[in-house]
Number of protein chains: 2
Amino acid sequence: MLQQRSKDTKETIRLNALRLFAKSGYSAVSMRDIANAVGIQPGAIYNHFPSKQDILVDLMMTHMVDLLAAANNAMDGVEGTRNRLVAFARFHISYQLDFPDHVFIAYMELRSLEETGRQDVYVKRDEYEAILREVLEQGVKEGTFKVANAAVQTRALLAMMTGITVWFREDGELNRDQVIDCYVQAVLQSVGIQE
Amino acid sequence: MLQQRSKDTKETIRLNALRLFAKSGYSAVSMRDIANAVGIQPGAIYNHFPSKQDILVDLMMTHMVDLLAAANNAMDGVEGTRNRLVAFARFHISYQLDFPDHVFIAYMELRSLEETGRQDVYVKRDEYEAILREVLEQGVKEGTFKVANAAVQTRALLAMMTGITVWFREDGELNRDQVIDCYVQAVLQSVGIQE
DNA sequence: GCTTATTACGAATGGGCGTTCATTTATTGA
DNA sequence: TCAATAAATGAACGCCCATTCGTAATAAGC
């Protein structure tokens, strides 16, 4: 009994590898685990990816490219530093909640990447951080924000917002919008803006 | 050629396992890697720890117990919610910077723990979170802090402060105290306090 | 100094790892 | 319709895994 369409299989491999890597970590997941989840033999994966490492690189780079494009899209046309900060915060948190596995492995499995892939990911991550940093720098220049150091604040805020996936559950006490509002308020206040 | 003192060997195993787990992740590190770093044969580790899993449990529980004791000690006798918030923030950040490997594996390798050990760690972590949460709740009750939801804010602030280890380097542009001040200001402002 | 408990070595266990490959089967394009 | 291509099987490769164990060497207690 054989499978048929290559494109479907490749995407299924991606989906399952992502899920497994996010749950157990890259090195704890074997090609046999992935093949098992997909429903094929381990060797068949090599028809679609040259190696296990290439699956990880594919997942991380795809994620970073998508994330950047979505962020730029979300910020496009938003005027005013306060509005731009809120737009970025809402976008970032929503994206974390929509794609927790992507976000998690992009953060966690950097150390599992070999040198080549890692550099590419770093470049994209810096590009992403720069979006927020520029908003903060602009706000400081205008006097809208009160921030000691924009670069430090950028990393502090990203860590804060990214951490949401660790504990948030869709069926928890607070729903998604309520939690996002909490975070947005915290972000705004942290740069010295009172509601 | 044999080693001699058991107690030293056990501690050396702990140190090296911690460092290796933090760098590469629990499942990417083999008993051979650890033995190699210690300078003994793999089998000799089993004179000190019954299994690889037990090394991880030992490291994580020791860390959590130490962290809690140090936190309670740092907060002891500090009066006033604002002061207590600052004390906690300074303690937490300093501890991250002093013991980045401990902190990192306690956060990252929860998923590598089998059920028994994981529950024990969760209990300790909740206990730790409660210290900050109670400060925030007290501040809200008094009207000192402006926070939408103390539990959410607790996790947001912990994530923010814990994230410092990802990027901070002792030989970077800002020194430790300057960075801590940035974070403390961000923490204070995030709960609605202007300097 | 001798006995006993520790602690190390070093070889071996069975099993899982990433990857390769000859082969078979299904799909595609002329 | 039929050759060519794509994608699967299933067995095998050598290597590394966590762990075990018989044995030897060291340290501790009398």
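Below, all heavy atoms of this structure are taken into account, side chains as well, without hydrogens, waters or symmetry copies.
Partners of B:L15 by side-chain contact (heavy atoms from CB on, under 4.5 Å), not counting sequence neighbours, listed by chain and number: B:E11. B:D54 is linked by a salt bridge (Lys or Arg N to Asp or Glu O under 4.0 Å) to nothing, counting only residues two or more places apart in sequence or in another chain. Contacts of A:R19 classified as side-chain contact (heavy atoms from CB on, under 4.5 Å), with partners at least two apart in sequence or in another chain: A:N16, A:A37, A:D101.
Rounded to a whole Å, the CD atom of A:Q41 is 13 Å from the C1' atom of D:dA12. Between the P atom of D:dT19 and the CD1 atom of B:I13 lies a distance of 13 Å, rounded to the nearest Å. For A:I45 and C:dC17, the CD1 to P distance is 12 Å, given to the nearest whole Å. Distance CG (B:D8) to C1' (C:dT6): 14 Å, rounded to an integer number of Å. If you measure from atom CG of A:N36 to atom C1' of C:dC17, you get 15 Å, rounded to the nearest angstrom.
For A:N47 against D:dA6, no side-chain N or O and base N or O form a donor-acceptor pair under 3.5 Å.
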Taking N or O atoms only and anything under 3.5 Å, show me the protein contacts with nucleotides 18-22 of chain C, one pair per line.
residue : atom : partner : partner atom : Å
C:dG18  : OP1  : A:V29   : O            : 3.4
C:dG18  : OP1  : A:M31   : N            : 3.3
C:dG18  : OP1  : A:K52   : NZ           : 3.2
C:dG18  : OP2  : A:M31   : N            : 2.7
C:dG18  : N7   : A:R32   : NH1          : 2.8
C:dG18  : O6   : A:R32   : NH2          : 3.0
C:dT19  : OP2  : A:Y46   : OH           : 2.6
C:dT19  : OP2  : A:K52   : N            : 2.9
C:dT19  : O5'  : A:Y46   : OH           : 3.1

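Residue A:H48 places at least one side-chain N or O closer than 4.0 Å to OP1 or OP2 of D:dA8.
Note on residues 108-164 of chain A: pairs passing ring pair (Phe, Tyr, Trp, His ring centres under 6.0 Å), not counting sequence neighbours, are A:F88-A:Y128, A:H92-A:Y128.
Taking the ring axis of B:F21 as reference, the NZ or CZ atom of B:K52 does not stay both within 45° of it and closer than 6.0 Å to the ring centre.
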Please table the atom pairs, donor to acceptor, closer than 3.5 Å between any side-chain atom in residues 62-81 of chain B and protein atoms at least two apart or in another chain.
residue : atom : partner : partner atom : Å
B:T62   : OG1  : B:D58   : O            : 2.6
B:N72   : ND2  : B:L68   : O            : 3.2
B:T81   : OG1  : B:E142  : OE1          : 3.0

